[in-house]
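These notes concern the structure reproduced below.
Chain letters run A, B, ... following the sequence lines, proteins first and then strands; every chain starts at 1.
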Number of protein chains: 2
Amino acid sequence: MSNPVDLLRAAGVRVTPGRVRSLEALQAATQPMSHADIESLLPDVDRVTLYRVLDSLVACGLALKAVDTRGVFRFSASGPHRQHDGHIHFRCTSCGGVSCLKAAPPPPPKLPRGFRLDAVEFDVRGTCAQCAGQSA
Amino acid sequence: MSNPVDLLRAAGVRVTPGRVRSLEALQAATQPMSHADIESLLPDVDRVTLYRVLDSLVACGLALKAVDTRGVFRFSASGPHRQHDGHIHFRCTSCGGVSCLKAAPPPPPKLPRGFRLDAVEFDVRGTCAQCAGQSA
DNA sequence: TTGCAAATACAACCAGGTTGCAAAATAAAG
DNA sequence: CTTTATTTTGCAACCTGGTTGTATTTGCAA
(Lines give C-alpha, C1' and ligand atoms only; values in the text may rest on other atoms or scores of the structure.)
Protein backbone atom coordinates (compact mmCIF):
# COMPACT_ATOMS: atom_id res chain seq x y z
CA MET A 1 0.00 0.00 0.00
CA SER A 2 2.45 2.63 -1.00
CA ASN A 3 0.48 4.17 -3.82
CA PRO A 4 0.12 7.93 -3.49
CA VAL A 5 -3.66 8.02 -3.27
CA ASP A 6 -3.83 5.58 -0.36
CA LEU A 7 -0.95 7.25 1.41
CA LEU A 8 -2.62 10.63 1.15
CA ARG A 9 -5.92 9.27 2.37
CA ALA A 10 -4.22 7.47 5.24
CA ALA A 11 -2.46 10.68 6.17
CA GLY A 12 -5.84 12.37 6.41
CA VAL A 13 -5.29 15.03 3.78
CA ARG A 14 -7.28 15.71 0.63
CA VAL A 15 -6.36 13.76 -2.45
CA THR A 16 -5.67 16.24 -5.22
CA PRO A 17 -3.97 15.81 -8.59
CA GLY A 18 -1.08 18.03 -7.58
CA ARG A 19 -0.38 16.04 -4.42
CA VAL A 20 -0.69 12.70 -6.16
CA ARG A 21 1.63 13.65 -9.00
CA SER A 22 4.17 15.31 -6.73
CA LEU A 23 4.26 12.32 -4.44
CA GLU A 24 4.67 9.99 -7.44
CA ALA A 25 7.56 12.11 -8.63
CA LEU A 26 9.22 12.01 -5.22
CA GLN A 27 8.77 8.24 -4.97
CA ALA A 28 10.27 7.70 -8.41
CA ALA A 29 13.29 9.86 -7.66
CA THR A 30 16.55 8.32 -6.55
CA GLN A 31 17.78 11.54 -4.93
CA PRO A 32 16.19 14.37 -2.99
CA MET A 33 14.76 16.83 -5.50
CA SER A 34 14.63 20.59 -5.47
CA HIS A 35 11.48 22.53 -6.24
CA ALA A 36 12.92 23.30 -9.66
CA ASP A 37 13.57 19.60 -10.35
CA ILE A 38 9.98 18.68 -9.63
CA GLU A 39 8.62 21.66 -11.51
CA SER A 40 10.41 20.61 -14.67
CA LEU A 41 8.87 17.16 -14.28
CA LEU A 42 5.38 18.58 -13.80
CA PRO A 43 5.36 21.67 -16.01
CA ASP A 44 1.60 22.20 -15.81
CA VAL A 45 1.54 22.47 -12.03
CA ASP A 46 1.58 26.03 -10.79
CA ARG A 47 4.84 27.16 -9.18
CA VAL A 48 3.26 28.40 -5.96
CA THR A 49 0.90 25.45 -5.75
CA LEU A 50 3.90 23.17 -5.97
CA TYR A 51 5.55 24.94 -3.05
CA ARG A 52 2.38 24.51 -1.02
CA VAL A 53 1.88 20.91 -2.11
CA LEU A 54 5.42 20.01 -1.05
CA ASP A 55 5.00 21.73 2.28
CA SER A 56 1.72 19.90 2.85
CA LEU A 57 3.41 16.57 2.12
CA VAL A 58 6.09 17.43 4.65
CA ALA A 59 3.48 18.54 7.17
CA CYS A 60 1.61 15.23 6.97
CA GLY A 61 4.79 13.19 7.14
CA LEU A 62 4.85 11.87 3.60
CA ALA A 63 7.94 13.82 2.57
CA LEU A 64 11.14 15.12 4.08
CA LYS A 65 12.62 18.57 3.55
CA ALA A 66 16.30 19.44 3.88
CA VAL A 67 18.67 22.10 2.64
CA ASP A 68 21.49 21.25 0.26
CA THR A 69 24.94 22.81 0.37
CA ARG A 70 23.80 25.73 -1.78
CA GLY A 71 20.96 26.61 0.55
CA VAL A 72 18.21 25.18 -1.64
CA PHE A 73 15.47 22.99 -0.17
CA ARG A 74 15.29 19.41 -1.35
CA PHE A 75 12.38 17.03 -0.88
CA SER A 76 12.21 13.27 -0.72
CA ALA A 77 9.42 10.79 -0.16
CA SER A 78 9.54 9.48 3.37
CA GLY A 79 8.72 5.81 2.94
CA PRO A 80 6.32 4.03 5.31
CA HIS A 81 9.21 2.51 7.23
CA ARG A 82 11.15 5.76 7.68
CA GLN A 83 13.95 4.04 5.87
CA HIS A 84 16.41 6.86 6.25
CA ASP A 85 16.14 6.95 9.98
CA GLY A 86 18.61 4.85 11.88
CA HIS A 87 21.64 4.85 9.71
CA ILE A 88 24.35 7.12 8.48
CA HIS A 89 24.58 8.89 5.14
CA PHE A 90 27.79 9.25 3.18
CA ARG A 91 27.75 12.17 0.75
CA CYS A 92 30.30 12.13 -2.02
CA THR A 93 31.63 15.65 -2.57
CA SER A 94 32.70 14.70 -6.08
CA CYS A 95 29.62 13.12 -7.67
CA GLY A 96 27.00 14.31 -5.16
CA GLY A 97 25.77 10.78 -4.60
CA VAL A 98 24.46 9.56 -1.27
CA SER A 99 25.22 6.12 0.09
CA CYS A 100 23.76 4.54 3.19
CA LEU A 101 26.27 3.14 5.65
CA LYS A 102 25.34 0.18 7.78
CA ALA A 103 26.65 1.61 11.01
CA ALA A 104 24.18 2.84 13.57
CA PRO A 105 24.13 6.55 14.35
CA PRO A 106 25.55 7.65 17.68
CA PRO A 107 23.18 8.40 20.54
CA PRO A 108 21.87 11.97 20.71
CA PRO A 109 23.82 14.24 23.05
CA LYS A 110 22.42 15.96 26.08
CA LEU A 111 20.86 19.31 25.29
CA PRO A 112 20.82 22.48 27.37
CA ARG A 113 17.67 23.08 29.39
CA GLY A 114 14.71 24.16 27.27
CA PHE A 115 16.01 22.81 23.99
CA ARG A 116 13.73 20.43 22.14
CA LEU A 117 15.20 17.70 19.96
CA ASP A 118 13.66 16.94 16.58
CA ALA A 119 16.24 14.95 14.69
CA VAL A 120 19.88 14.08 14.59
CA GLU A 121 21.79 13.66 11.38
CA PHE A 122 25.23 12.19 11.19
CA ASP A 123 26.61 13.18 7.84
CA VAL A 124 29.89 11.87 6.59
CA ARG A 125 31.41 13.64 3.62
CA GLY A 126 34.22 12.48 1.40
CA THR A 127 34.91 10.74 -1.86
CA CYS A 128 33.17 7.50 -2.80
CA ALA A 129 35.09 4.50 -4.10
CA GLN A 130 34.18 5.17 -7.72
CA CYS A 131 35.25 8.82 -7.74
CA ALA A 132 38.38 8.09 -5.71
CA GLY A 133 39.34 5.46 -8.27
CA GLN A 134 38.81 7.76 -11.22
CA SER A 135 40.95 10.56 -9.85
CA ALA A 136 43.79 8.17 -9.00
CA MET B 1 49.18 36.43 16.60
CA SER B 2 45.46 36.18 16.08
CA ASN B 3 44.75 39.81 15.45
CA PRO B 4 42.90 40.42 12.18
CA VAL B 5 45.56 42.55 10.54
CA ASP B 6 48.31 39.99 11.02
CA LEU B 7 46.06 37.16 9.97
CA LEU B 8 45.09 38.95 6.78
CA ARG B 9 48.70 39.79 5.98
CA ALA B 10 49.77 36.22 6.68
CA ALA B 11 47.03 34.97 4.38
CA GLY B 12 48.46 37.14 1.62
CA VAL B 13 45.41 39.30 1.04
CA ARG B 14 45.09 43.04 1.23
CA VAL B 15 44.35 44.56 4.58
CA THR B 16 41.23 46.67 4.20
CA PRO B 17 38.91 48.18 6.80
CA GLY B 18 36.03 45.97 5.71
CA ARG B 19 38.05 42.80 6.04
CA VAL B 20 39.53 43.78 9.38
CA ARG B 21 36.21 44.74 10.91
CA SER B 22 34.39 41.71 9.51
CA LEU B 23 37.05 39.38 10.81
CA GLU B 24 36.93 41.05 14.21
CA ALA B 25 33.17 40.58 14.27
CA LEU B 26 33.49 36.92 13.37
CA GLN B 27 36.14 36.36 16.01
CA ALA B 28 34.03 38.03 18.68
CA ALA B 29 30.97 35.98 17.80
CA THR B 30 30.05 32.91 19.78
CA GLN B 31 27.98 31.47 16.93
CA PRO B 32 28.20 31.36 13.17
CA MET B 33 26.69 34.59 11.88
CA SER B 34 24.53 35.27 8.88
CA HIS B 35 25.26 38.11 6.49
CA ALA B 36 22.40 40.02 8.09
CA ASP B 37 23.87 39.54 11.57
CA ILE B 38 27.20 40.99 10.54
CA GLU B 39 25.59 43.79 8.57
CA SER B 40 23.68 44.96 11.61
CA LEU B 41 26.96 45.01 13.52
CA LEU B 42 28.73 47.00 10.81
CA PRO B 43 26.00 49.27 9.45
CA ASP B 44 28.35 51.46 7.46
CA VAL B 45 29.80 48.63 5.41
CA ASP B 46 28.15 48.24 2.03
CA ARG B 47 25.91 45.22 1.66
CA VAL B 48 27.55 43.87 -1.48
CA THR B 49 31.02 44.65 -0.21
CA LEU B 50 30.22 42.61 2.86
CA TYR B 51 29.22 39.64 0.72
CA ARG B 52 32.50 39.91 -1.16
CA VAL B 53 34.53 40.46 1.98
CA LEU B 54 33.05 37.35 3.58
CA ASP B 55 33.69 35.29 0.47
CA SER B 56 37.27 36.54 0.36
CA LEU B 57 37.78 35.52 3.98
CA VAL B 58 36.47 32.07 3.14
CA ALA B 59 38.65 31.90 0.04
CA CYS B 60 41.82 32.63 2.01
CA GLY B 61 40.89 30.22 4.77
CA LEU B 62 40.19 32.71 7.53
CA ALA B 63 36.46 31.94 7.69
CA LEU B 64 34.10 29.06 7.22
CA LYS B 65 30.80 29.15 5.35
CA ALA B 66 27.88 26.82 5.95
CA VAL B 67 24.12 26.80 5.40
CA ASP B 68 21.67 26.81 8.27
CA THR B 69 18.35 24.96 8.34
CA ARG B 70 16.56 27.82 6.59
CA GLY B 71 19.02 27.82 3.71
CA VAL B 72 20.88 30.94 4.82
CA PHE B 73 24.68 31.07 4.75
CA ARG B 74 26.45 31.49 8.06
CA PHE B 75 30.06 32.48 8.57
CA SER B 76 32.48 31.81 11.39
CA ALA B 77 36.12 32.70 11.95
CA SER B 78 38.30 29.68 11.36
CA GLY B 79 40.85 30.71 13.93
CA PRO B 80 44.16 28.94 14.44
CA HIS B 81 42.38 27.20 17.29
CA ARG B 82 39.70 25.79 14.96
CA GLN B 83 37.12 26.50 17.61
CA HIS B 84 34.24 24.95 15.70
CA ASP B 85 36.01 21.68 15.23
CA GLY B 86 35.53 19.15 17.96
CA HIS B 87 32.05 19.84 19.12
CA ILE B 88 28.48 19.45 18.01
CA HIS B 89 26.23 22.06 16.48
CA PHE B 90 22.57 22.42 17.33
CA ARG B 91 20.53 24.01 14.57
CA CYS B 92 17.19 25.54 15.47
CA THR B 93 14.62 24.80 12.78
CA SER B 94 12.56 27.77 13.89
CA CYS B 95 14.98 30.69 13.98
CA GLY B 96 17.87 29.14 12.06
CA GLY B 97 20.31 29.87 14.86
CA VAL B 98 23.26 27.65 15.59
CA SER B 99 24.44 26.83 19.10
CA CYS B 100 27.51 24.93 20.10
CA LEU B 101 26.99 21.96 22.40
CA LYS B 102 29.68 20.95 24.81
CA ALA B 103 29.58 17.27 23.96
CA ALA B 104 32.32 15.80 21.82
CA PRO B 105 31.37 14.46 18.40
CA PRO B 106 31.24 10.69 17.98
CA PRO B 107 34.09 8.90 16.29
CA PRO B 108 33.83 8.53 12.51
CA PRO B 109 32.33 5.25 11.38
CA LYS B 110 34.09 2.64 9.32
CA LEU B 111 33.72 3.21 5.60
CA PRO B 112 33.41 0.66 2.80
CA ARG B 113 36.61 -0.17 0.99
CA GLY B 114 37.80 2.61 -1.32
CA PHE B 115 35.86 5.40 0.32
CA ARG B 116 37.87 8.41 1.40
CA LEU B 117 36.78 10.46 4.40
CA ASP B 118 36.88 14.25 4.27
CA ALA B 119 34.73 15.43 7.12
CA VAL B 120 32.05 14.31 9.50
CA GLU B 121 29.25 16.51 10.67
CA PHE B 122 26.97 15.63 13.53
CA ASP B 123 23.99 17.88 13.23
CA VAL B 124 21.33 18.02 15.86
CA ARG B 125 18.14 19.73 14.83
CA GLY B 126 15.26 20.92 16.94
CA THR B 127 13.91 23.99 18.65
CA CYS B 128 16.12 26.17 20.81
CA ALA B 129 15.07 27.28 24.28
CA GLN B 130 14.05 30.74 23.10
CA CYS B 131 11.85 29.58 20.24
CA ALA B 132 10.36 26.75 22.31
CA GLY B 133 9.42 29.25 24.98
CA GLN B 134 7.77 31.64 22.52
CA SER B 135 5.55 28.99 20.97
CA ALA B 136 4.39 27.73 24.36
C1' DT C 1 55.46 59.12 -5.43
C1' DT C 2 53.64 56.93 -8.80
C1' DG C 3 51.27 52.95 -11.10
C1' DC C 4 48.48 49.19 -11.17
C1' DA C 5 46.02 45.43 -9.44
C1' DA C 6 42.61 44.62 -6.10
C1' DA C 7 38.71 46.32 -3.29
C1' DT C 8 34.72 49.31 -2.70
C1' DA C 9 30.12 51.62 -3.61
C1' DC C 10 26.07 51.75 -6.06
C1' DA C 11 22.52 50.22 -9.10
C1' DA C 12 20.42 46.73 -11.27
C1' DC C 13 19.39 42.13 -11.34
C1' DC C 14 18.33 37.11 -10.19
C1' DA C 15 16.65 32.85 -7.73
C1' DG C 16 14.16 30.77 -4.38
C1' DG C 17 10.48 31.29 -1.54
C1' DT C 18 6.14 33.57 0.59
C1' DT C 19 1.58 36.15 1.00
C1' DG C 20 -3.19 37.66 -0.20
C1' DC C 21 -7.16 36.70 -2.34
C1' DA C 22 -10.74 35.27 -5.68
C1' DA C 23 -12.12 31.07 -8.18
C1' DA C 24 -12.34 26.10 -8.33
C1' DA C 25 -12.32 21.51 -6.36
C1' DT C 26 -12.70 18.01 -2.48
C1' DA C 27 -15.36 15.39 0.57
C1' DA C 28 -19.00 15.06 3.76
C1' DA C 29 -23.98 15.79 4.96
C1' DG C 30 -28.55 15.77 3.50
C1' DC D 1 -27.60 13.64 -6.66
C1' DT D 2 -27.40 18.33 -4.45
C1' DT D 3 -25.90 21.24 -1.26
C1' DT D 4 -22.45 23.12 1.67
C1' DA D 5 -18.31 24.01 4.45
C1' DT D 6 -13.72 23.82 3.90
C1' DT D 7 -9.34 23.17 1.27
C1' DT D 8 -6.79 23.82 -2.45
C1' DT D 9 -5.53 26.07 -6.65
C1' DG D 10 -3.98 29.88 -9.71
C1' DC D 11 -2.33 34.29 -10.30
C1' DA D 12 -0.08 38.57 -9.17
C1' DA D 13 2.62 40.85 -6.23
C1' DC D 14 6.09 40.76 -3.02
C1' DC D 15 10.25 39.63 -0.02
C1' DT D 16 14.90 38.00 1.29
C1' DG D 17 19.28 36.49 0.37
C1' DG D 18 22.61 36.61 -2.91
C1' DT D 19 25.08 37.95 -7.50
C1' DT D 20 26.80 40.81 -11.50
C1' DG D 21 28.55 44.95 -13.90
C1' DT D 22 31.16 48.91 -13.67
C1' DA D 23 33.12 53.30 -12.40
C1' DT D 24 35.76 54.99 -8.57
C1' DT D 25 38.80 54.50 -4.80
C1' DT D 26 42.36 52.26 -2.13
C1' DG D 27 46.37 49.24 -0.71
C1' DC D 28 50.86 48.43 -1.46
C1' DA D 29 55.02 47.57 -4.04
C1' DA D 30 58.48 49.47 -7.13
Exercise. How far apart are the C-alpha atoms of Leu57(A) and Lys65(A), what are their side-chain angles, what is the distance that settles it, and do they pass the side-chain contact (heavy atoms from CB on, under 4.5 Å) test?
Worked result: CA-CA 10 Å; Leu57(A) 291 180; Lys65(A) 184 180 188 175; over 6 Å; no
Exercise. Whole Å only: how far is the CG atom of Asp68(A) from the P atom of dA15(C)?
Worked result: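 Nearest whole value for this atom pair: 16 Å.
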For this session: May I have the distance from Arg47(A) (atom CZ) to dA15(C) (atom C1'), rounded to whole angstrom?
Result: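 My rounded result for the distance is 9 Å.
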Drop me the distance from [X]'s [atom1] to [Y]'s [atom2], to the nearest 0.5 angstrom.
| X | Y | atom1 | atom2 | value |
| --- | --- | --- | --- | --- |
| Leu42(A) | Asp37(A) | CG | CG | 11.0 Å |
| Leu7(A) | Glu24(A) | CG | CD | 11.0 Å |
| Phe75(A) | Leu64(A) | CZ | CG | 10.5 Å |
| Leu54(B) | Leu50(B) | CG | CG | 4.5 Å |
| Leu23(A) | Cys60(A) | CG | SG | 8.0 Å |
| Arg74(B) | Leu26(B) | CZ | CG | 12.0 Å |

For this session: Report whether Ile38(A) and Val48(A) are members of the same hydrophobic cluster (ILVMFWY, side-chain heavy atoms less than 4.5 Å apart, transitive linking).
Result: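 Not linked; separate clusters.
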Exercise. Out of curiosity, does Val72(A) fall in the hydrophobic cluster containing Val53(A) (side-chain heavy atoms, cut-off under 4.5 Å, transitive links)?
Worked result: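 No; tracing contacts between hydrophobic side chains, which count when under 4.5 Å, never links both residues.
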Problem set entry | Proximity of Phe73(B) and His35(B) rings by center, below 6.0 Å |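 No - the distance between ring centres of Phe73(B) and His35(B) does not fall below the 6.0 Å cut-off.
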Which atom pairs link the protein and nucleotides 19-23 of chain C when you take only N or O atoms and keep those under 3.5 Å?
residue	atom	partner	partner atom	Å
dG20(C)	O6	Arg52(A)	NH1	3.4
dG20(C)	O6	Arg52(A)	NH2	2.8

Could you pull out every donor-acceptor pair under 3.5 Å between side chains of residues 12-22 of chain A and any protein atom, sequence neighbours left out?
residue	atom	partner	partner atom	Å
Thr16(A)	OG1	Arg19(A)	N	3.4
Arg19(A)	NE	Arg14(A)	O	3.0
Arg19(A)	NH1	Ser56(A)	OG	2.9
Arg19(A)	NH2	Arg14(A)	O	3.4
Arg21(A)	NH1	Asp44(A)	OD1	3.4
Arg21(A)	NH1	Asp44(A)	OD2	3.1
Arg21(A)	NH2	Asp44(A)	OD1	3.3
Ser22(A)	OG	Gly18(A)	O	2.8

Problem set entry | Residue pair Val45(B), Glu39(B): steps toward the side-chain contact (heavy atoms from CB on, under 4.5 Å) verdict | CA-CA 7 Å; Val45(B) 175; Glu39(B) 197 179 6; over 6 Å; no
For this session: For nucleotides 24-30 of chain C, just jot down a letter per nucleotide in 5' to 3' order: B, S or -, based on protein non-hydrogen atoms under 4.0 Å.
Result: -BBS---
For this session: Tell me, with the steps shown, if Val5(B) and Leu8(B) meet side-chain contact (heavy atoms from CB on, under 4.5 Å).
Result: CA-CA 5 Å; Val5(B) 173; Leu8(B) 288 167; 5.8 Å; no
For this session: Please tell me if the side chains of Met33(A) and Ser76(A) come closer than 4.5 Å, counting only heavy atoms from C-beta onward.
Result: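 Result no, sub-4.5 Å side-chain heavy-atom pair not found.
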For this session: Check each residue of residues 37-46 of chain B for a non-hydrogen atom within less than 4.0 Å of any atom in DNA chain D, then write out the ones that pass by number, or none.
Result: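 Nucleic-acid contacts, sorted: none.
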Problem set entry | First-last contacting nucleotides on DNA chain D - partner chain A, under 4.0 angstrom, heavy atom |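 Taking any atom under 4.0 Å from a heavy atom of chain A, the span is dT6(D) to dA13(D).
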For this session: Compute the angle between the rotation axes at the two ends of the helix from dT1(C)-dA30(D) to dG30(C)-dC1(D), each taken over five pairs, rounded to 10 degrees.
Result: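 For the helix from dT1(C)-dA30(D) to dG30(C)-dC1(D), the axes at either end differ by 30°.
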